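As the structure is a computational prediction, the values presented were derived from the model and not from experiment. Every chain is numbered from 1 and lettered A, B, ... according to where its sequence line falls, protein lines coming before strand lines.
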Protein chains: 4
Amino acid sequence: MSLEPNSRRMELVRIAARLFRDHGYERSTVRDIATAAGMQSGSLFYHFRNKEEILVAVMALGISSTTEQLGEALAQAGNVEQRLAALFHVHLHSLLGENQAALEVMLYEWRSVSEAARPGLVVLRDRYEALWQQVLDEAAAAGLVKANTRLLRRTLLGSLHWSVQWYRKEGSLSVAELADEIMALALRD
Amino acid sequence: MSLEPNSRRMELVRIAARLFRDHGYERSTVRDIATAAGMQSGSLFYHFRNKEEILVAVMALGISSTTEQLGEALAQAGNVEQRLAALFHVHLHSLLGENQAALEVMLYEWRSVSEAARPGLVVLRDRYEALWQQVLDEAAAAGLVKANTRLLRRTLLGSLHWSVQWYRKEGSLSVAELADEIMALALRD
Amino acid sequence: MSLEPNSRRMELVRIAARLFRDHGYERSTVRDIATAAGMQSGSLFYHFRNKEEILVAVMALGISSTTEQLGEALAQAGNVEQRLAALFHVHLHSLLGENQAALEVMLYEWRSVSEAARPGLVVLRDRYEALWQQVLDEAAAAGLVKANTRLLRRTLLGSLHWSVQWYRKEGSLSVAELADEIMALALRD
Amino acid sequence: MSLEPNSRRMELVRIAARLFRDHGYERSTVRDIATAAGMQSGSLFYHFRNKEEILVAVMALGISSTTEQLGEALAQAGNVEQRLAALFHVHLHSLLGENQAALEVMLYEWRSVSEAARPGLVVLRDRYEALWQQVLDEAAAAGLVKANTRLLRRTLLGSLHWSVQWYRKEGSLSVAELADEIMALALRD
DNA sequence: TATGAATGAGCCTTCATTCAT
DNA sequence: GATGAATGAAGGCTCATTCAT
C-alpha cells in the first residue's frame with residue numbers, strides 16, 4: 001500500500017476521488033475508473049481487492065492529507081488567532097480547492113463504507129477533529145469564541161462541509177475570503 | 001398526486017423515505033420498498049412511473065412538510081426571539097424526530113435527482129429558505145444575530161444538517177435542548 | 001362473439017388491427033389498445049379472454065372480410081378477364097386501402113398465433129385461396145395465364161403481400177393502377 | 001466488428017439468427033440466445049451493446065452474405081439466361097437452405113429495427129437489389145422478361161420471400177427445382 | 001501488470017392478467 | 001360493462017468480480 005504520490009495506486013485513487021465526488025460512489029462504476037485511467041476494468045483488481053477498498057483509500061487520502069496540511073499550517077501560525085484562521089482556511093481549501101475531491105467523498109459517502117472499514121477511518125477523522133478541538137479550546141480560553149467548544153466544533157464543521165452544496169468558485173468570493181467570513185461569524189463580539 | 005396523508009401513495013412515500021435515509025437511495029431497491037409495503041415490486045409502478053419519481057416525492061414531502069410546520073410555528077411565535085428559535089426547533093425536529101426521514105433524504109441524495117426534476121424541488125427549497133432569510137433579517141435588525149444574514153443562513157443550515165451525522169437520541173441531549181444550544185452559539189453577546 | 005360491425009367488440013378489433021399493423025403484435029400492449037379505445041386495460045378482458053384472442057379476431061376479420069369482398073366482386077364480374085382482375089384489385093385494396101389493417105396483420109403476425117388457434121384461421125385462409133385457385137384455373141384454361149396455377153397462386157400472393165413493404169400511397173401510382181400493372185406482369189403475351 | 005467466420009461474435013450472430021427466425025425477434029429472449037450459446041445472459045453484453053445490435057448484426061449478415069454469393073454466381077455465369085437464373089437460385093438457397101436463417105430475419109423483422117439503425121441496413125439492401133435490377137434490365141433487353149423491370153423486381157422478390165411461408169423441404173420439390181419453376185413463370189413466352 | 005472474456009447475481013421496469021367493487 | 005389496484009413472472013441490462021493467458 002504505497003503512499004508515494006507518484007505511484008500508480010495513488011494516481012488511481014485520485015482519479016476515483018474525482019469520479020466519486022462528481023457522480024457519487026454508487027453511480028461510479030469500476031469501468032468508469034478504469035477507463036479514466038486508461039486500463040481495463042479487470043486490471044483495477046490488481047491494485048485493489050474490491051471497489052470498497054478504493055473508496056476507503058480515497059477517504060483516507062482526503063482526511064489524512066487535510067490533517068497533514070492543517071498540522072503544517074498550525075506549526076507556522078504565530079498566535080491563537082492565526083491558528084484559529086488556519087482551521088477554516090485549510091478545511092475550505094481542501095474541500096473546495098482545485099483537484100481536491102477526496103475530502104468531500106469522505107463527508108458524503110460514509111454510508112457506503114462497510115462496518116469493517118469504518119474504525120480505521122474513524123481514527124483518522126478523530127485525529128483531525130482533535131486538532132480542531134485543541135485550537136478551539138485555545139481560542140475559547142483567549143475569549144475569541146464561545147466556550148461550548150465541543151458543540152462549536154461540530155457546528156462549524158457542519159457549516160464548512162455544507163459549503164460544497166452552494167459555493168461556486170465563479171462567484172464573487174474567493175475560497176480564502178469565504179474562510180475569513182465564516183470565521184468572522186464564529187467570533188465573539 | 002394525492003397529498004392526503006392516508007392515501008396509499010403517501011404511505012409508500014413514507015416507507016421509501018425511511019429506507020432511503022437508512023441505506024441510501026442507490027442501495028435501496030425497488031424490491032426493498034415493495035417488501036416493506038407488503039406488495040410486489042411490480043405493483044409500485046402502478047403508483048410511480050419509476051424509482052426516481054419515488055425519490056422526488058420523498059424529497060418534496062420532506063421539504064414541504066417542514067416548510068408547513070415552520071410556517072405554523074412562526075405564526076404562533078410572539079416575538080423575534082421566539083421566531084428565531086422556531087427556525088432551529090422545527091428544522092431539528094424535522095430532521096432528527098421520530099419518523100422524520102424525508103428531509104434528510106432531501107439533503108443527502110440530491111445528486112441522484114435528474115436534471116429534469118431539480119427545478120421543481122429547488123422551488124420548494126427556496127420557499128423554505130426564504131422563511132429562514134426573513135426571520136434572520138428580523139433577528140439581525142433586532143441585534144440578535146450578526147448582520148451577514150445570507151452567509152449566516154447557509155452556515156446555520158449546514159450546522160443543523162450535519163447533526164444527523166453525530167446526534168444520537170440516546171445521548172444526554174434532547175432534540176429541543178440541542179436546538180437551543182445551537183441557537184445560543186449563533187446569538188451575539 | 002358478435003360480428004355486427006357496430007358492436008363494441010368489433011370496434012376494439014379494428015383499433016387493435018391498426019396498432020398491430022403499425023407497431024407489431026408483440027410491441028403493442030393491451031394497455032395501448034385500451035387507451036386507444038378510451039378504457040382501462042382491465043376492461044378489455046371483459047370482451048376478450050386474452051391478448052391472443054384479439055389477434056385471432058383481427059386476423060379472422062382480415063381474411064374473412066377480404067373473402068367476402070372477393071366473392072361479391074367475382075359475382076359481379078362479367079368474364080374471365082374481369083374475374084382475374086378482381087383478384088388483384090380486391091386483394092390490394094384490402095391490403096393497402098384506408099383503414100384496412102387487418103389483412104396485413106394476418107400475413108405478418110402468423111408466428112404469434114398459438115398452435116391451438118391456427119386451424120380455425122387456416123380454414124378461413126384456405127377458403128380465400130380456393131377462390132384464387134378457381135379463378136386462376138379458369139384464366140389458365142382461357143390462355144390468360146400460365147398453366148402452373150398452384151405455384152402461380154403462391155407467387156402472385158407473395159408479390160401482392162410484399163407491396164405493403166414498398167408501396168406508398170403518396171406516390172404516383174394509385175392502388176387500382178398498381179393492381180392492373182401487377183396483373184399485366186402475370187399475363188401471357 | 002470482426003467478420004471472421006470463426007469469431008465468437010459471428011458464432012453468436014448465427015445462433016441468434018436461428019432463434020429469431022424460428023420464434024421471432026420479440027419472442028426470443030436474450031437468455032435464450034445465451035443458453036443456446038452455452039453462456040450466461042450477461043455475457044452477451046460483452047459482445048453486443050444491446051439486443052437490437054444483435055438483430056442488426058443478423059440482418060447485416062443475411063443481406064451481405066447473400067449479396068456476396070450473388071456476386072460470385074453472376075461472375076461465373078456465361079450468358080444472360082444463366083445470370084437471370086442466378087438471381088432465383090441464390091436467393092432461394094439463401095432463404096431456404098440449411099443454416100440460412102439470417103436473410104429471413106432481414107425480411108420479417110424490419111419493424112423491430114430502430115430508426116437509427118435502418119439507414120445502414122438500407123444501404124446493404126439497396127446494393128443487393130441493384131444487382132437484381134441490373135440483371136433484370138439485361139434480361140428485358142434480351143427479350144427474356146417483360147419490360148417493366150422495376151415493378152418486376154419487386155414482385156419477383158415478393159414471390160421469393162413468401163416461399164418461406166409455404167415451402168417444405170420434405171416435399172417433392174428441391175430448392176433448385178423451385179427456383180427454376182418460379183423463374184419459368186417470369187419468362188415471356 | 002494488464003487484458004479479454006465471462007460470470008452471476010441483481011436491478012429497474014414491463015405487461016398480460018385477475019378480481020373485488 | 002367497467003375500474004382501480006395489484007400480481008407475478010419475465011425481460012433487457014448492469015456491474016463488481018474472477019481468471020487463464
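The CZ-P distance, from B:F45 to F:dG8, rounds to 17 Å in whole Å. As rounded to whole Å, 19 Å separates atom P of F:dA9 from atom NZ of C:K51. Here the P atom of nucleotide F:dA10 and the CD atom of D:E26 are 18 Å apart, to the nearest Å. Following rounding to the nearest Å, B:D32 (CG) and E:dC12 (P) show an atom-to-atom distance of 8 Å. Between the P atom of E:dT3 and the CE atom of A:M39 lies a distance of 6 Å, rounded to the nearest Å. Between the P atom of F:dG4 and the CG atom of B:L12 lies a distance of 18 Å, rounded to the nearest Å. Distance, D:N50 CG to F:dC13 P: 5 Å, rounded to whole Å. The interatomic distance linking A:E53 (CD) with F:dT17 (C1') rounds to 14 Å, in whole Å.
Both D:T29 and A:T29 lie close to DNA chain F; mapped to their nearest nucleotides by heavy-atom distance, the more 5′-ward contact belongs to D:T29. Map A:S43 and C:R31 each onto its nearest nucleotide of DNA chain F; the residue landing nearer the 5' end is C:R31. Between B:S41 and A:G38, the one whose closest nucleotide on DNA chain E sits nearer the 5' end is A:G38. Residues C:R27 and A:G42 both approach DNA chain E. Their nearest nucleotides, taken by heavy-atom distance, put A:G42 toward the 5′ side.
Residue C:H47 places at least one side-chain N or O closer than 4.0 Å to OP1 or OP2 of F:dA2. Within the structure, every side-chain polar atom (N or O) of D:R49 is placed at least 4.0 Å from both OP1 and OP2 of F:dC13. OP1 or OP2 of F:dA6 has not a single side-chain nitrogen or oxygen of B:Y46 nearer than 4.0 Å. OP1 or OP2 of E:dG4 lies within a sub-4.0 Å distance of a side-chain N or O belonging to A:Q40.
Across every strand in view, F:dT21 sits in a pair with E:dA2 that passes the Watson-Crick or G-U test at under 3.5 angstrom. In a base pair of the Watson-Crick type (N1 to N3 plus N6-O4 or O6-N4) or a G-U wobble (N1-O2 and O6-N3), with each distance short of 3.5 Å, F:dC15 is matched with E:dG8.
A donor-acceptor pair is defined here as one N or O able to donate and one able to accept, closer than 3.5 Å; such a pair exists between the side chain of D:S28 and the backbone of D:L19.
Salt bridge B:R8/B:E11: present, at least one basic N to carboxylate O contact under 4.0 Å.
Taking CZ of B:R31 as the start and CG of B:L44 as the end, the distance is 11.0 Å to the nearest 0.5 Å.
Remark: of the listed residues C:E104, C:E109, C:E26, C:E109 is the sole one forming a salt bridge (Lys or Arg N to Asp or Glu O under 4.0 Å) with D:R111.
B:V30 comes within contact range of at least one nucleobase, with a heavy-atom separation under 4.0 Å.
Two residues are said to be in side-chain contact when any heavy atoms from C-beta on lie closer than 4.5 Å; D:V58 and D:Y25 fail this criterion.
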